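See structure below.
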Amino acid sequence: MSQQVGTVTWINGPVVRAHGSRRVSMLELVEVGEEHLVGEVIGLESDVSTIQVYEETSGMHPGAPVFGTGMSLSVELGPGLLRGIFDGVQRPLPAMERHSGSFIGRGMHMSPLPRTDKWDFTPVLKAGDKVSGGAIVGTVAETPALEHRVMIPPDDRGTLTWVAPAGQYTIVEPIARLRTATGEQDVAMLQRWPVRRPRPYRARAGQNMPLITGQRVLDTFFPLAKGGSAAIPGGFGAGKTVMQHSIAKWSDAQVVVYIGCGERGNEMTEVLQEFPHLVDPRSGRPLMERTVLIANTSNMPVAAREASIYTGITMAEYYRDMGYHVALMADSTSRWAEALREISGRLEEMPAEEGYPAYLAARLAEFYERAGFVETLNGQPGSVSVIGAVSPPGGDFSEPVTQHTKRFIRCFWALDKALASARHFPSVNWLDSYSEYLEDVADWWRKQVGQDWYAMRSVAMELLTEESRLAQIVKLVGPDALPDEQRLILETARILREGFLQQSAMDDIDAYSTIQKQIRMLGLILHFHTRAQHIIKRGALITVIHELSVVNDLIRMKALIANDQLDKMDEIRRRIDEQMDQLESEYR
Amino acid sequence: MSEALVLGGQEVIGVSRVEGPIIVVEGAGSVGYDEMVEVLDSQGRLRMGRVLEVGENMSVVEVFSGTTGLSIDGTRVRFLGGPMHLPVAEEMLGSVFDGMGRPLDGGPQPLTEHYADINGQPINPTARVYPRDYIQTGISAIDGMNTLVMGQKLPIFSGAGIPHDQLAAQIVRQATLGAPAGEQPSETAQFAIVFAAMGVKHDVADFFRNSFAESGALTRVAMFLNLADDPPVERLVTPRAALTLAEYLAFQREMHVLVVFTDMTNYCEALRQISNIRGEVPSRKGYPGYLYSDLASLYERTGRIRTSNGSITQIPILTMPNDDITHPVPDLTGYITEGQIVLGRQMTQQGIYPPITVLPSLSRLMKDGIGKGHTRADHSHLAAQLYASYAHVQDVRSLASVIGEEELSTVDQQYLQFGRVFEQQYIHQGPTENRSIEVTLDIGWRLISMLPQDELTRVSPDEIKQYYEAAHAAH
């Protein structure tokens with residue numbers, strides 16, 4: 001199906017030029033050289049095409065043939081994506097390992113999804129039904145945790161003339177036949193979609209449901225809405241990856257797409273070895289059953305790193321179109337931007353800031369705008385939430401990738417090196433971070449927990465802000481110079497920091513907090529503060545408050561009280577009241 | 001390079017341009033990207049080079065030993081038909097090579113059938129084994145707080161005048177496969193050591209050689225030396241040659257290999273030099289935009305794979321220009337490696353050895369390499385507590401410098417005392433002192449017990465009962 005469309009004339013790393021054809025099209029997928037290395041046309045001038053090659057070009061000669069495919073870079077969509085691990089251009093890494101051993105060779109062509117596996121298909125529609133793109137023809141239990149909905153390709157419409165009976169089919173066998181305006185065509189489970197084109201939907205909807213991550217500092221203080229976009233900027237060692245992993249593990253998304261984009265190989269291996277053994281707290285099934293992994297580590301070809309982001313988000317949109325809530329993590333978008341910069345440099349384009357091409361902002365916008373809460377073509381609600389890590393050089397947020405990213409996201413989780421050095425994790429800085437979804441999700445919280453989350457959060461946030469102001473003074477004159485009312489603020493803020501904001505990803509109980517646990521913890525700490533305030537006003541010393549044993553209870557409750565034993569919180573509340581009553585009687 | 005490897009072989013006389021270490025050759029037929037070349041000057045002296053860019057009839061070649069003495073007409077360029085390969089064999093342990101992987105001092109080429117591409121190939125993430133076995137270095141600040149794990153890449157960030165070489169040599173001398181506290185290591189797993197020097201002084205290379213010799217390790221060390229007065233461009237090959245041997249030893253011969261690089265900053269400068277001459281668009285501080293990818297192509301050649309029992313652990317050393325950790329070289333390194341050991345000038349001046357500043361130091365793989373079955377169950381909580389308490393010491397110190405030590409609260413004065421003792425007894429140790437993991441953990445408990453129990457929120461009540469109370473009573 002591929003025919004020669006030119007010969008290579010120039011090679012510089014992943015960028016090659018070929019001449020000989022005016023028929024290749026922009027962004028067409030081509031195969032370069034005798035080894036048929038996969039590449040994509042990124043520039044055309046008369047009969048010279050510029051191609052970025054997704055594999056190592058060592059040893060390639062001028063004069064090598066270039067083959068056209070007539071398609072643009074596409075991903076295969078269908079059952080079998082979940083539990084899969086692919087490289088940036090969707091080659092299946094486990095199959096590559098079976099084929100060529102522990103190291104990734106070149107020129108391997110493999111079907112991303114296995115052709116011979118059979119899936120249990122259950123029809124939903126029947127012959128004679130009029131359908132348009134996105135209509136669900138039938139379902140397949142892709143994993144015990146998730147029902148895969150086989151859809152009519154978005155661009156098609158017509159009448160079904162045949163639907164396969166329930167039974168076992170491979171992804172390439174027809175499961176329906178569709179009569180369209182141009183003739184009759186088969187519909188199989190396997191479909192393709194060009195990665196750089198967003199999949200269509202019917203309409204965008206409001207974002208007023210938070211994506212619950214189980215991370216207290218995020219859910220309570222800086223919530224992300226389902227269908228929203230967030231950035232996690234942070235220097236090295238600030239904990240971006242651990243945070244991305246935690247969200248991938250504990251968020252209430254139904255499908256998780258995790259893109260390891262130019263990061264460490266061992267980190268991907270960690271996910272691969274850990275996720276099959278971790279249980280999703282909602283479905284009770286291994287986490288791997290809802291996860292797709294894309295691993296294009298830092299030493300894998302740089303052009304494929306550029307593609308990996310699009311490969312991932314296209315898969316996410318596909319599951320969104322079935323009516324699911326999908327969370328996509330990209331770690332790290334800076335490496336993707338650097339891939340853009342490297343390709344741009346080799347093309348000798350005029351650089352804008354710090355060597356990045358001028359279209360960096362446009363590309364970032366295109367990517368983040370593919371997040372959204374939508375009404376799908378089949379009328380169901382579905383969402384893609386995007387969480388992108390950003391790795392600013394030297395931890396300096398004024399660099400171009402962080403700055404441009406900030407324009408296209410509404411949730412900013414700034415990681416702080418100083419907090420990380422003090423082993424305060426997650427090292428989300430509560431003064432620099434923000435979420436623009438606060439008001440949007442306030443109603444949802446009220447309905448779920450029956451308490452005014454928004455008001456409680458505001459009080460806690462005020463305490464933390466006030467603490468940072470007081471801390472400035474303490475640095476100059478020491479804490480003793482402050483009146484006890486203000487020292488109480490320092491004390492409560494300390495409890496908030498150590499007992500609430502800090503959360504250990506390694507601790508079995510602490511790793512994940514339900515919203516019920518979060519709101520009750522916050523309630524207890526604020527209750528403590530209110531009562532202590534009262535007693536201090538009557539003349540009790542801050543040192544007395546500091547020495548109350550309940551302070552330690554408040555700091556330790558996160559790791560001692562499991563999500564299903566929240567009744568134990570009442571015990572702590574009783575102790576607060578008991579100890580405060582005792583003090584109150586002394587200072588009557 | 002063995003003659004047998006010359007696959008294509010075509011020769012061109014005369015070059016069209018010479019600039020710095022770069023030559024542009026016209027007229028050669030089919031030249032491959034990244035192909036090796038031999039360059040002969042008019043006196044017939046041989047040097048090696050590599051193709052950086054090819055077009056029709058034109059190729060850009062970097063010459064590793066520099067272009068001094070090359071002329072436009074008198075230069076012969078021979079294209080060798082493939083990327084650089086290195087002969088690899090177990091017998092290479094115990095020998096010294098130059099920066100290109102050729103035996104030094106007229107030693108023979110290793111006898112082997114096995115030639116490997118020095119660029120290697122990326123390890124498939126699904127083929128990796130996640131590293132979980134810790135390496136005991138006998139250094140408390142590392143074993144206790146930044147545990148090194150077999151298959152990890154953990155760089156040492158240092159500066160000029162800070163004893164990073166001593167530290168690296170001590171790690172190499174003392175490294176053994178770790179065992180749970182109180183148990184003897186099941187096997188005396190000795191590491192094969194691959195050492196690559198890039199642009200360091202003769203004294204530094206000699207220091208390492210003597211240090212290896214003194215500890216009787218010389219027979220299991222392969223040294224690749226590109227010294228300060230060797231051609232800078234060769235530095236681009238040195239770490240790749242070293243890693244090619246390391247990969248062979250680890251993944252074909254199933255050995256545990258410790259790779260030490262010094263100094264990565266020199267490597268990056270050589271890369272910048274080439275990029276500069278080629279007129280590439282620079283990113284930060286003149287370094288090329290692909291510095292991250294290039295460094296990753298070295299650092300990522302570390303780890304363990306399922307098909308071999310061997311492992312590669314990397315300890316690259318780099319000096320931070322002007323002690324600036326945000327400089328592109330340490331910065332990009334930190335983004336790729338699994339943590340970093342940061343050495344501090346102030347610690348050095350206070351006479352603390354090793355001068356490890358623990359707060360910015362980090363080992364990312366530590367969490368899975370310690371604890372029950374690896375070191376001891378209380379290790380991770382203890383380390384977190386030491387970190388948190390020592391971080392507080394810094395706050396107290398800055399407060400004390402304003403209001404004076406006498407004005408501090410009792411608790412804060414205890415913190416100050418803890419900080420001092422921690423630096424002198426936990427971090428500080430002799431250059432030949434080899435502490436077992438048990439000793440390291442026990443010192444940690446002894447010191448943390450100087451603080452009141454209420455201050456310890458990172459350790460569990462059970463651990464306090466088991467370790468704190470007795471130690472606290474002793475104070």
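On a predicted model such as this, the values are computed, not experimentally measured, just so you know. Order of the sequence lines fixes the chain letters, A, B, ..., with proteins taken first and strands second; residue numbering starts at 1 for each chain.
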Which answer fits [X], side chain, backbone, both or neither, if we ask what part of it has an atom under 4.5 Å from a heavy atom of chain A?
{"X": "B:Asp368", "result": "side chain"}
{"X": "B:Arg278", "result": "side chain"}
{"X": "B:Leu362", "result": "both"}
{"X": "B:Pro328", "result": "neither"}

Roughly how far apart are [X] [atom1] and [Y] [atom2], rounded to 0.5 Å?
{"X": "A:Ile343", "Y": "B:Tyr290", "atom1": "CD1", "atom2": "OH", "value": "13.5 Å"}
{"X": "B:Tyr390", "Y": "A:Arg423", "atom1": "OH", "atom2": "CZ", "value": "12.5 Å"}
{"X": "A:Asp396", "Y": "B:Thr326", "atom1": "CG", "atom2": "OG1", "value": "8.0 Å"}

Do [X] and [Y] come within less than 4.5 Å of each other through their side chains, counting heavy atoms only?
{"X": "A:Asn266", "Y": "B:Leu365", "answer": "yes"}
{"X": "B:Gln121", "Y": "A:Ile104", "answer": "no"}
{"X": "A:Arg341", "Y": "B:Ser283", "answer": "yes"}

Side chain to side chain contact (heavy atoms under 4.5 Å, CB included) partner of A:Phe236, chosen from B:Asp331, B:Leu332, B:Thr337
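When side chain to side chain contact (heavy atoms under 4.5 Å, CB included) is applied between A:Phe236 and each of B:Asp331, B:Leu332, B:Thr337, only B:Asp331 qualifies.
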
Using a distance-only test with no angle check, is there a side-chain donor-acceptor pair under 3.5 angstrom linking A:Glu97 and B:Thr126?
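A pair is found: one side chain offers a donor N or O, the other an acceptor, under 3.5 Å apart.
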
Under-4.0 Å salt bridge between B:Arg128 and A:Glu267
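A salt bridge is absent here (no side-chain N lies under 4.0 Å from a carboxylate O).
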
Interface moiety of [X] toward chain B, non-hydrogen atoms closer than 4.5 Å:
{"X": "A:Pro392", "result": "both"}
{"X": "A:Leu476", "result": "backbone"}
{"X": "A:Glu498", "result": "side chain"}
{"X": "A:Glu263", "result": "both"}
{"X": "A:Thr297", "result": "side chain"}

Which pair of heavy atoms, one from A:Thr269 and one from B:Pro125, lies closest together, and at what distance?
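For A:Thr269 versus B:Pro125, the nearest heavy atoms are OG1-O, 3.2 Å.
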
